[in-house]
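In listed order, ligands and their atoms are each counted from 1. The first residue of the sequence shown is numbered 1, and numbering continues consecutively from there. Computed from a predicted structure; not experimentally measured.
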Amino acid sequence: MPFTVPPLPYAFDALEPYIDAKTMEIHHDKHHGAYVTNLNKALEGHADLQNKTVEQLLSGLSSLPESIRTAVRNNGGGHLNHSLFWKIMKKGGGGEPGGELATAINGAFGSFAEFKAKLVDAGTKRFGSGWAWLLFRDGKLVIESSANQDNPIIDGGKAFFGVDVWEHAYYLKYQNRRPEYLEAWWNTINWAQVAENFAEAKK
Ligand code: MN
């Protein structure tokens, strides 16, 4: 099978107390696992598509057979989004970015505090399931949210940082308190990794 779930780069309990171990286990093994299983299932019998990257599949959705387009959009998006999400967190994360990333954030949003407030707001206001993103669109650094597992790549955006606001990401610990989860989440961020992603997305 072409796609596999990347191993979590830390223990399930590494993000405690901000994200609990049980949530991480179910989220990574079961939810991300299901996206990968269903993406592979959708591509069965489509040998020409199995060699493509998930980014190629998602940026070319309209060229895919209609019978698998929605499955690839949802499950390919789920695979790409979660693969990014695990990497931008770490044990002992948090603080603020430095270097060029900090300069770019301050330039686009005024300050780190304003950036943070805007991303939390985007995640809080996303109705139902989805994500809030920091991305390049048309060469500009912007914040957006998306529904379901849609990744901004499907319409030309380059997301390099984002937060999962599906209830499965926080419900065990935070129940309906999504804003509380979104505030706590900043204590997990691996800014060195985000800076690397930023440099790559900027190219
Ligand atoms: Mn998720």
- Message: Regarding His82 and His27, do their side chains bring together a donor and an acceptor under 3.5 Å, going by distance alone?
- Response: yes
- Task: Say whether Trp133 and Ser146, considering side chains only, have a donor N or O and an acceptor N or O under 3.5 Å apart.
- Result: yes
- Side-chain donor-acceptor pair present, Asp20, Thr23, cut-off under 3.5 Å: yes
- What protein N/O/S atoms sit under 2.8 Å from the Mn ion (ligand 1), by chain and number? His27 NE2, His82 NE2, Asp164 OD2, His168 NE2
- Using a strict cut-off of less than 4.0 Å between a Lys/Arg side-chain nitrogen and an Asp/Glu carboxylate oxygen, indicate whether Glu16 and Lys91 qualify as a salt bridge. no
- Message: Is the distance between the ring centroids of Trp166 and Phe85 under 6.0 Å?
- Response: no
- Item | Aromatic ring proximity Tyr174/Trp185, centre distance under 6.0 Å | no
